[in-house]
Amino acid sequence: MNPSPTRFAALTQTQLENWVGQARVYALTGRLPDYIPLLAQAEAQRVAVAIRSLDGHGYFAGERDQPFALMSVVKPLLLLFLLETSGWDAVFDRVGIDPSEQSFHSLAQLNVDRGFPRNPMLNSGAIALAAMLPGAKGADRCEALRVWLNQASGSRFVLDQAMLASVRSLRNEANRAIAEVLLRAESIDHVETALDTYNHICCLSGTAADLAQVGLLLAQPNAPTQPVHQRAVNALMLTCGLYEASGRFAVRIGLPTKSGVSGALLSIVPGQGAIACYSPTLDATGNSIAGLFLLEQLTQTLNLSVFG
């Protein structure tokens, strides 16, 4: 029996390409991140969108073959992997589930919370969870995550060595200060290993199609992941995935969504499919301007919001 058509079935290629054209204009109003040299060199008007629906269809527009580093979009994927392999209690003994009104790398937030990360979508939460990955070194831990993601979803993520070198070229004092607090709180065992692991996993790279494909792990009722874990990750993406802007975009878009400083964006439409966008210029909060524009067009036109 063929799967029932999803809400994406009403989408036309012309619509999608028209929105990508408009998104290129929006992209010019954003800024490229300047604290990672390679990201600062990206072409501002690059835009890609990929949709994988549960009825087996794919929809693509823009630079579909353009690879990009996941950066913080890896955070919900890290969370899902650890829930599946280490279990609920082990994960949520390390991180909380509450939204934050502070920026993604806020040391003040972590200090207020006495070294217990507010949620897994903040840098503090992801660094604490990265320390749970199996392996002795950052490269080994990253490889364990990469292999699992590719085998579970059929994606083709690779480690972008050039991006990793670019990340390592500048000493990230904010993340180092976060790691020192986590060490004192006994959330991690070793600052350098935890930071190296975090840097590695943020530099996993793929195309928009790869990102949409792995998103199906959070959208499919019969995915090789436990429904309770899917629900937890989706809920945290909805409430925390766009940092302090999460509440505003829950109203405007109404989908579990995670952004990354590379301009990557992943949205989950439970029971329908997954949407991945890439455009490197960011708004003041650190979210892709063109990506959010595309998501808003898709959700409003196709009535994708989880709130109906």
Side-chain angles (χ1 to χ4, degrees), residues 69-100 102 104-107 109-110 113-149 152 157 159 167 172 174-204 214 217-218 225-226 228-241 243 246 256 258-261 264 266:
L70 295 181
M71 293 297 167
S72 285
V73 174
V74 81
K75 291 172 181 175
L77 306 178
L78 169 66
L79 174 61
L80 181 65
F81 170 77
L82 289 173
L83 285 170
E84 289 287 307
T85 57
S86 298
W88 185 281
D89 291 342
V91 169
F92 291 116
D93 280 348
R94 293 282 187 109
V95 297
I97 57 174
D98 295 318
S100 171
Q102 302 296 318
F104 61 89
H105 58 353
S106 173
L107 181 62
Q109 181 75 80
L110 186 60
D113 295 332
R114 299 181 180 180
F116 185 72
R118 181 69 62 99
N119 65 68
M121 304 301 152
L122 298 172
N123 286 14
S124 57
I127 292 169
L129 291 185
M132 294 178 63
L133 285 169
K137 299 180 180 179
D140 301 329
R141 294 175 177 184
C142 177
E143 183 65 4
L145 176 61
R146 188 191 71 84
V147 168
W148 183 85
L149 291 173
F157 294 116
L159 177 62
V167 168
N172 190 324
N175 280 351
R176 183 166 297 278
I178 285 169
E180 294 287 354
V181 174
L182 293 174
L183 181 68
R184 290 196 294 272
E186 300 182 348
S187 291
I188 63 174
D189 295 326
H190 191 270
V191 167
E192 296 301 332
T193 304
L195 289 176
D196 189 47
T197 304
Y198 180 69
N199 288 339
H200 269 80
I201 65 174
C202 285
C203 293
L204 288 176
V214 80
L217 292 177
L218 292 165
T225 45
Q226 294 186 48
V228 65
H229 297 158
Q230 290 180 332
R231 289 194 294 270
V233 177
N234 284 332
L236 284 162
M237 288 174 72
L238 182 68
T239 58
C240 310
Y243 309 119
S246 297
K258 186 70 195 79
S259 63
V261 73
L266 173 65

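Only heavy atoms go into these numbers, but all of them, side chains included; no hydrogens, no water, no symmetry mates.
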Give every donor-acceptor pair under 3.5 Å between a side-chain atom in residues 230-241 and any protein atom, sequence neighbours left out.
unit_1: Gln230; atom_1: NE2; unit_2: Leu217; atom_2: O; d: 2.8
unit_1: Gln230; atom_1: NE2; unit_2: Gln220; atom_2: O; d: 2.8
unit_1: Gln230; atom_1: NE2; unit_2: Thr225; atom_2: OG1; d: 3.3
unit_1: Asn234; atom_1: ND2; unit_2: Leu218; atom_2: O; d: 3.0
unit_1: Asn234; atom_1: ND2; unit_2: Gln230; atom_2: O; d: 3.3
unit_1: Thr239; atom_1: OG1; unit_2: Ala235; atom_2: O; d: 3.0

Leu145 vs Val74, side chain to side chain contact (heavy atoms under 4.5 Å, CB included): CA-CA, chis, key distance, verdict: CA-CA 10 Å; Leu145 176 61; Val74 81; 4.0 Å; yes

How long is the gap from [atom1] on [X] to [atom2] on [Y], to the nearest 0.5 Å?
{"X": "Ile127", "Y": "Asn175", "atom1": "CD1", "atom2": "CG", "value": "4.0 Å"}
{"X": "Met121", "Y": "Ser246", "atom1": "CE", "atom2": "OG", "value": "9.5 Å"}
{"X": "Ser259", "Y": "Lys75", "atom1": "OG", "atom2": "NZ", "value": "8.0 Å"}
{"X": "Asp93", "Y": "Phe116", "atom1": "CG", "atom2": "CZ", "value": "7.5 Å"}
{"X": "Leu122", "Y": "Ser100", "atom1": "CG", "atom2": "OG", "value": "5.0 Å"}
{"X": "Met71", "Y": "Cys203", "atom1": "CE", "atom2": "SG", "value": "4.5 Å"}

Compare all side-chain heavy atoms of [X] with those of [Y] and state whether any distance is below 4.5 angstrom.
{"X": "Phe104", "Y": "Gln109", "answer": "no"}
{"X": "His190", "Y": "Leu183", "answer": "no"}
{"X": "Leu77", "Y": "Leu70", "answer": "yes"}
{"X": "Val167", "Y": "Cys202", "answer": "no"}
{"X": "Ser72", "Y": "Lys258", "answer": "yes"}
{"X": "Leu80", "Y": "Leu149", "answer": "no"}
{"X": "Asn119", "Y": "Asp98", "answer": "no"}

Residues in salt bridge (Lys or Arg N to Asp or Glu O under 4.0 Å) contact with Arg146, at least two apart in sequence or another chain: Glu143

Nearest non-hydrogen partners of Gly115 and Ala185, listed with the distance: O-CB, 3.7 Å

Non-hydrogen atoms of Cys142 and Leu159 that approach each other most closely: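 Looking at all heavy atoms of both residues, the shortest contact is SG-CD1, 4.2 Å.
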
Show me the donor-acceptor pairs within less than 3.5 Å that the side chains of residues 81-89 make with the rest of the protein, sequence neighbours left out.
unit_1: Glu84; atom_1: OE2; unit_2: Gln226; atom_2: N; d: 2.8
unit_1: Glu84; atom_1: OE2; unit_2: His229; atom_2: ND1; d: 2.8
unit_1: Thr85; atom_1: OG1; unit_2: Phe81; atom_2: O; d: 2.8

Can you tell me which residue among [options] is in a side chain to side chain contact (heavy atoms under 4.5 Å, CB included) with [X]?
{"X": "Val73", "options": "Leu266, Leu204, Val214, Val261", "answer": "Leu266"}
{"X": "Arg141", "options": "Thr193, Asp196, Ile201", "answer": "Thr193"}
{"X": "Leu129", "options": "Thr197, Val95, Ile188", "answer": "Val95"}

Check ion pair Arg176-Glu192 (N to O, under 4.0 angstrom):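 The answer is yes: the pair qualifies as a salt bridge.
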
